[in-house]
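Written out below as structure tokens is the structure these notes cover.
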Amino acid sequence: MFRIITAVIGRDLRLAMRRQADIVSALFFFVIVVSLFPLGIGPEPDLLRKLAPGVLWVAALLATMLSLPRLFADDHRDGTLEQLALAPHPLGLVVTGKVIAHWLVSGLPLALVAPVLGIQFDLSADALLVLTGAILLGTPALSGIGAIGAALTLGLRGGGVLVSLLVLPLYIPVLIFGAGAVDATVTGLGGEGHLSLLAAITFASVGFAPWASAAALKIALE
Amino acid sequence: MFRIITAVIGRDLRLAMRRQADIVSALFFFVIVVSLFPLGIGPEPDLLRKLAPGVLWVAALLATMLSLPRLFADDHRDGTLEQLALAPHPLGLVVTGKVIAHWLVSGLPLALVAPVLGIQFDLSADALLVLTGAILLGTPALSGIGAIGAALTLGLRGGGVLVSLLVLPLYIPVLIFGAGAVDATVTGLGGEGHLSLLAAITFASVGFAPWASAAALKIALE
Amino acid sequence: MKDRFNLYRFASPATFYPLAGKMIPWFVALAVVFGLAGLYLGMLVAPTDFQQGEGYRIIFIHVPASWMSMFIYLVMAFWAAIGLAFNTRLSGMMAQALAPTGALMAFLSLWTGALWGKPMWGTWWVWDARLTSELILLFLYIGYMALTAAIDDQRRADKAGGLLLLVGVVNIPIIYFSVKWWNTLHQGSSVNLTKSSMAETMLWGMLLMALCFWMYSIAVALMRARTIMLERERHTDWAKALLAGEGA
Amino acid sequence: MIYWNSLGDFLAMGGYGHYVWGSFGLTALIMAIEPVVVARHQRATILRLKRQMRAESRTESPTRSPAEQRNTAA
Amino acid sequence: MTLEADNLECVRGERRLFAGLSFRLDPGELLYLQGRNGAGKTSLLRMLIGLLPPESGEIRWQDRSIKSDDFRADLCYLGHLNAIKEELTPLESLLAAARLADEELSEDDAIDALEQVGLAGREDLACKYLSQGQKRRVALARLVKERRPLWVLDEPFVALDVAAVDWLAGLISEHLQRGGLAVMTTHQLVDIPAGTVRELRLG
Amino acid sequence: MTLEADNLECVRGERRLFAGLSFRLDPGELLYLQGRNGAGKTSLLRMLIGLLPPESGEIRWQDRSIKSDDFRADLCYLGHLNAIKEELTPLESLLAAARLADEELSEDDAIDALEQVGLAGREDLACKYLSQGQKRRVALARLVKERRPLWVLDEPFVALDVAAVDWLAGLISEHLQRGGLAVMTTHQLVDIPAGTVRELRLG
Ligand code: HEM
Ligand SMILES: Nc1ncnc2c1ncn2[C@@H]1O[C@H](COP(=O)(O)OP(=O)(O)OP(=O)(O)O)[C@@H](O)[C@H]1O
Ligand SMILES: Nc1ncnc2c1ncn2[C@@H]1O[C@H](COP(=O)(O)OP(=O)(O)OP(=O)(O)O)[C@@H](O)[C@H]1O
Ligand SMILES: [Mg+2]
Ligand SMILES: [Mg+2]
């Protein structure tokens with residue numbers, strides 16, 4: 001069971017390394033989107049400090065989401081997905097591997113640069129810590145839930161945009177608790193409650209999402 | 001010359017109608033992203049009113065950008081692009097047609113719903129008018145500049161995210177003047193200056209971008 | 001056909017490779033000399049600034065790094081134009097060799113600016129027009145590098161990257177004139193050929209440091225260009241002869 | 001000529017030491033590391049190319065032969 | 001080891017492609033599907049491997065329904081698409097495919113297989129640089145060391161040059177002689193020297 | 001009307017595929033490119049139509065470089081890919097292709113062409129519902145009314161059933177008899193009854 005999961009993770013990470021662009025781009029998308037807001041809204045530091053958690057989280061949502069269409073699409077287009085579905089182990093395990101690899105490539109780096117971006121918005125050290133923790137805790141859920149959306153829209157032409165339509169509403173709880181944790185820290189209320197809710201969401205969705213995605217993939221392959 | 005442009009527009013619009021998802025999704029992405037912010041930031045009306053121009057414009061940028069990867073990708077994958085490049089008229093004209101069609105499908109609808117979303121952010125009637133005008137004026141530039149990015153990243157695996165890396169920095173002037181126009185109206189300074197700059201950018205980029213894109217496409221086809 | 005052949009030869013890697021090899025030590029030496037002189041003037045001789053105290057001494061790297069970040073981009077765009085117009089192999093290599101150094105310069109400008117901003121403005125970062133456009137410049141560099149890295153066919157990578165450079169070059173005047181067009185926190189241009197508001201030694205220190213950065217950039221870019229050249233031309237006769245000749 | 005009275009003064013930079021030396025330090029670091037990285041990359045490239053050249057001359061060189069070798073399936 | 005199809009019916013879109021189709025395939029036998037373009041050959045193959053549920057009827061492998069994991073452990077399918085990644089080298093593709101299909105394949109075996117399909121010297125070149133036919137060969141290299149009993153091949157000869165077509169025909173007939181089963185479609189006339197060739201004509 | 005290639009050299013990646021290749025093709029002649037997988041056939045075709053600049057050498061159409069728009073007005077190219085949209089119906093695909101290529105094609109002519117390729121009754125079904133071979137037929141339907149003098153076809157017979165292969169061979173030979181030129185690759189042995197068939201073997 002673990003052998004197949006690690007085999008999938010290994011392959012996907014190797015592909016990501018080959019493409020390079022993948023890792024770097026999701027990250028830079030995050031950085032650029034976050035930097036766009038002050039441009040549109042204006043430079044007042046007070047205003048920006050209030051915005052920071054929301055903006056960072058929305059950008060994290062979008063960056064994760066943007067890489068979703070390709071989660072299965074490449075494998076689908078070149079026929080690998082068929083082969084995976086025909087392999088003699090449950091497809092859910094394969095998807096678990098792919099979700100983990102997706103998080104390693106697109107979620108983890110976000111958590112690592114988030115503090116730097118937070119500084120641009122003049123956040124305090126405490127808030128930065130909670131922000132990083134929240135993104136670390138929340139992004140696996142984004143990958144998991146996103147996998148369902150990616151699987152459901154697989155092979156549909158409007159895919160890229162359609163997936164956002166399906167997935168973003170499901171991301172809202174993560175957004176609310178994630179941004180809430182930072183907000184609570186900024187206002188001095190303490191973000192632990194939010195963080196533990198976030199952990200619960202992540203736990204549930206990483207466990208459950210791969211199997212839902214596997215079911216969706218089988219339908220897409222008919 | 002106009003025959004070929006209209007032929008391209010006709011075909012692309014027909015395809016968009018067939019897929020439906022396309023038009024609806026770009027629009028809904030816009031609506032959802034705009035609606036996410038109050039969730040991430042909290043409901044204070046004063047704060048929201050200050051945010052409105054920036055948030056709406058960033059969302060418009062992202063919605064346009066999201067549909068970019070598919071601007072040429074479908075034609076490339078199924079071989080149509082080769083045929084277009086082999087047709088006995090300049091490729092720049094074909095791209096002009098595609099840019100116009102892209103705007104009709106992804107820019108125009110945004111301008112139409114923007115006032116409704118602006119109301120959610122408690123904008124005044126004046127500001128709503130300027131907002132709609134600015135989006136109407138600015139989005140063709142987004143389509144034009146975006147076409148260059150889409151053409152440059154055509155066929156590259158990291159395409160979808162790479163295009164955002166290339167295009168977003170170039171979108172920034174549009175964002176600044178677009179949001180600036182609304183801001184100036186809200187603060188009572190009058191947005192005409194910003195609007196005319198926006199018109200100039202649009203004019204320049206719609207005239208120039210198709211030819212740069214055509215050059216990039218030829219490179220991609222080698 | 002004939003004059004094009006000449007141009008081609010002039011810009012041919014086979015002649016350029018050894019030439020670059022000979023030039024690098026000279027540029028390194030110049031960079032060291034200018035650097036030492038600039039540091040001596042700027043750090044040891046120049047008096048304090050009555051407004052900013054000693055903190056102003058960051059200017060001796062901040063300004064050269066900012067200048068170089070813009071200048072390198074212009075040079076890359078120049079090579080790109082040559083490459084697209086005349087289809088020379090060398091131009092793409094030069095552009096690719098310059099990009100990382102340019103990105104580093106943009107990064108240094110941001111870094112030193114941020115370190116300067118904290119004591120002067122009380123914040124690491126403000127969303128001011130010049131600062132923002134410098135950040136965009138960094139993104140443009142990274143975009144260029146990401147694009148050329150994503151395309152495996154070198155000829156295609158050069159052409160596509162060149163096109164991007166030419167499109168992105170509009171940003172340079174925006175950075176340069178941003179202080180004039182928007183009134184911002186960031187300082188306006190104070191180097192002026194006719195009258196200067198700066199102390200003489202300060203000005204000279206800055207100019208010398210700028211020369212140092214310039215020479216340094218040329219040296220590093222040439223080194224990188226040589227590697228790229230060898231890698232790409234490994235199947236040509238000159239590269240083979242060179243690889244066979246050079247001691248292990 | 002020299003403006004500073006003592007080394008301590010020089011290092012303190014009138015209270016701005018952190019900022020000034022932070023800037024100069026990172027710049028110096030980058031300018032020291034970048035050439036080293038580039039030079040090492042060049043050495044590695046040359047070694048790799050030499051290895052490749054030897055490997056290619058052992059079999060036939062692919063660019064030289066217009067055809068590909070061993071195309072027919074066994 | 002038998003593959004049995006019982007009274008299969010296939011409807012795609014609104015068109016009934018075939019109905020009441022039954023056959024039985026025993027070890028050493030090759031089922032050669034024929035039929036015009038659009039007759040439903042690909043659809044039938046996808047039914048046989050369990051990716052497309054039949055409208056009615058049943059497919060059995062060793063007297064059990066093909067929905068079990070056991071069936072998939074006995075199956076090797078090669079479709080229209082090559083299932084290789086453009087970024088990976090042929091060697092990596094082959095090894096990754098084996099690992100994901102839960103098969104043992106040593107690196108030496110993989111290199112050997114690539115040599116057999118005529119890709120010697122290109123083990124380390126990313127697949128995107130290969131020509132149409134070379135890509136197909138990478139996909140076919142999987143078959144060289146494949147010992148699963150049931151092979152399902154959809155137009156395996158497409159894009160191959162004459163030498164490669166001969167080689168593949170030989171490979172299939174070896175598989176049959178080992179007691180394997182194979183189902184195949186192709187529009188090209190290829191002579192496969194095997195024990196029993198059953199022909200099934202659709203449409 | 002002649003197509004001349006003069007001392008062409010092709011380098012892909014780092015591999016020199018061919019060099020010093022020259023030929024001349026006159027009206028009524030068919031150039032039949034042969035060669036193993038990966039020999040460079042597709043690359044040569046893409047050079048001939050001007051999409052891939054040759055490393056050295058020159059290609060001329062009617063004694064002028066092929067970079068002019070005139071050349072493209074005389075050219076009809078059919079590649080590996082079908083250049084049809086999955087969402088459009090065969091009829092719409094055909095009409096759109098003609099309009100974009102700046103050709104006149106009436107709806108009746110288009111329907112007629114689709115009938116000839118055996119797609120009668122499917123003019124109004126979206127192409128995504130067609131089988132592999134049927135999609136190829138839609139792409140080939142363009143050739144039926146095509147009167148441009150130079151046809152360049154990359155493996156046109158792939159995925160076609162026997163009847164369709166015969167039909168296409170006939171179509172090409174008609175084109176040649178009208179004084180057209182054609183360049184073609186294929187791995188299948190197809191007999192094309194035409195005036196002059198020149199063979200060119202790569203690699
Ligand atoms: C991250 C923050 C900063 C960035 C990105 C930045 C960027 C730049 C750029 C691009 C230039 C060169 C443009 C030109 O010469 O016209 C420049 C020059 C300069 N900067 Fe900054 N800067 C930053 C922060 C600061 C701070 C905090 C100060 C001082 C309070 C400062 C003072 C100067 C001065 C004095 C010049 C020279 C202007 C001249 O003489 O032309 N900068 N900066
Ligand atoms: N997803 C689908 N939805 C609706 N109809 C489909 C679908 N897929 C295929 N068809 C129809 O089913 C028929 C058979 O398709 P199939 O791909 O099985 O044919 P085939 O025998 O493999 O043909 P070919 O030799 O051209 O590959 C075709 O007429 C096609 O129009
Ligand atoms: N974009 C590319 N970059 C590098 N190498 C390439 C590229 N495209 C093709 N090649 C190489 O060029 C060679 C010729 O490819 P080409 O597609 O022309 O072959 P072909 O003769 O059409 O083969 P087939 O019969 O398999 O279609 C192949 O060996 C391939 O590895
Ligand atoms: Mg089929
Ligand atoms: Mg080919």
Side-chain angles (χ1 to χ4, degrees), chain B residues 1-25 70-98 100-101 105 151 154-155 211 214-222, chain F residues 10-13 42-43 45-55 61 66-89 91-105 126-128 135-136 138-139 142 148 150-152 154:
Chain B
M1 179 176 147
F2 284 108
R3 220 177 66 217
I4 179 71
I5 296 185
T6 49
V8 174
I9 297 178
R11 190 198 65 137
D12 277 17
L13 287 186
R14 177 183 296 230
L15 280 173
M17 292 297 162
R18 278 300 144 75
R19 287 174 194 155
Q20 285 169 347
D22 281 31
I23 307 182
V24 184
S25 314
R70 296 184 46 235
L71 183 55
F72 301 114
D74 286 347
D75 281 345
H76 183 52
R77 192 171 323 134
D78 65 20
T80 311
L81 196 62
E82 268 172 23
Q83 297 293 345
L84 291 176
L86 291 174
H89 34 242
L91 190 53
L93 291 182
V94 176
V95 179
T96 308
K98 286 190 83 73
I100 295 175
V105 171
L154 190 61
W211 303 92
L217 288 179
K218 285 205 186 111
I219 297 168
L221 280 177
E222 276 186 19
Chain F
C10 173
V11 176
R12 302 280 348 221
T42 300
S43 305
L45 290 190
R46 292 179 75 82
M47 268 181 197
L48 292 180
I49 60 176
L51 286 183
L52 180 71
E55 191 71 13
W61 172 246
I66 55 166
K67 275 176 199 136
S68 68
D69 287 3
D70 298 355
F71 169 67
R72 284 180 282 140
D74 286 345
L75 168 74
C76 170
Y77 170 71
L78 203 100
H80 276 305
L81 299 167
N82 293 327
I84 55 175
K85 290 275 161 218
E86 304 263 283
E87 288 85 2
L88 297 183
T89 66
L91 184 58
E92 288 169 337
S93 303
L94 207 54
L95 291 172
R99 208 161 325 120
L100 293 176
D102 222 3
E103 271 167 27
E104 303 291 337
L105 183 72
C127 285
K128 66 179 143 193
K135 283 180 194 157
R136 192 74 186 155
V138 177
R142 273 182 61 205
R148 298 188 174 182
L150 178 61
W151 287 8
V152 176
D154 198 355

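So that the names make sense, note that chain A is the first sequence line, chain B the second, and so on, each numbered from 1. For the numbers below, each heavy atom of this structure counts, side chains included, while hydrogens, waters and symmetry mates do not. Please read all numbers here as calculations on a predicted model, not as lab measurements.
Scanning all heavy atoms of the two residues, the minimum distance from Pro88(B) to Ala101(F) falls at CD-O, 3.5 Å. The minimum heavy-atom distance between Leu51(F) and Ala85(B), with the atom names listed, is CD2-CB, 4.2 Å. Taking each heavy atom of Thr89(F) and Arg18(B) in turn, the nearest pair found is N-NH1, 4.4 Å. Across Ala87(B) and Leu100(F), no two heavy atoms sit closer than the pair CB-O, 3.5 Å.
Contact count versus chain B (heavy atoms, under 4.5 Å) is highest, among Met47(F), Arg142(F), His80(F), Glu103(F), for Arg142(F). Contact count against chain B (heavy-atom pairs under 4.5 Å) is highest for Leu88(F) among Asp74(F), Leu95(F), Asn82(F), Leu88(F).
One finds no salt bridge joining Lys85(F) and Asp74(B) here, because no Lys/Arg side-chain nitrogen approaches an Asp/Glu carboxylate oxygen to under 4.0 Å.
When atom types are taken as modelled, the side chain of Arg72(F) and the backbone of Leu86(B) share no donor-acceptor pair closer than 3.5 angstrom.
The neighbour count for Arg148(F) CZ, taken as heavy atoms of other residues, nucleotides or ligands under 6.0 Å away, is above 12.
Contacts between Ala73(F) and chain B at a heavy-atom distance below 4.5 Å involve backbone atoms as well as side-chain atoms. Only the side chain of Leu84(B) comes within contact range of chain F, judged by heavy atoms closer than 4.5 Å. The part of Gln83(B) that comes within reach of chain F is its side chain, from C-beta onward, which places non-hydrogen atoms under 4.5 angstrom from that chain. Heavy atoms of Glu92(F) lying under 4.5 Å from chain B belong exclusively to its side chain. Proximity to chain B (any heavy atom under 4.5 Å) is restricted, for Leu75(F), to the side chain, taken from C-beta onward.
Sorted by first and then second residue, the pairs that involve residues 81-97 of chain B and meet salt bridge (charged side-chain N to carboxylate O under 4.0 Å, His left out), not counting sequence neighbours, are Glu82(B)-Arg46(F).
To the nearest 0.5 Å, atom CZ of residue Arg77(B) and atom CD of residue Glu86(F) are 10.0 Å apart. Atoms CZ and CZ, on Arg3(B) and Arg99(F) in that order, are 10.0 Å from each other to the nearest 0.5 Å. Once rounded to the nearest 0.5 Å, the distance linking CG of Asp78(B) with CD1 of Ile84(F) reads 8.0 Å.
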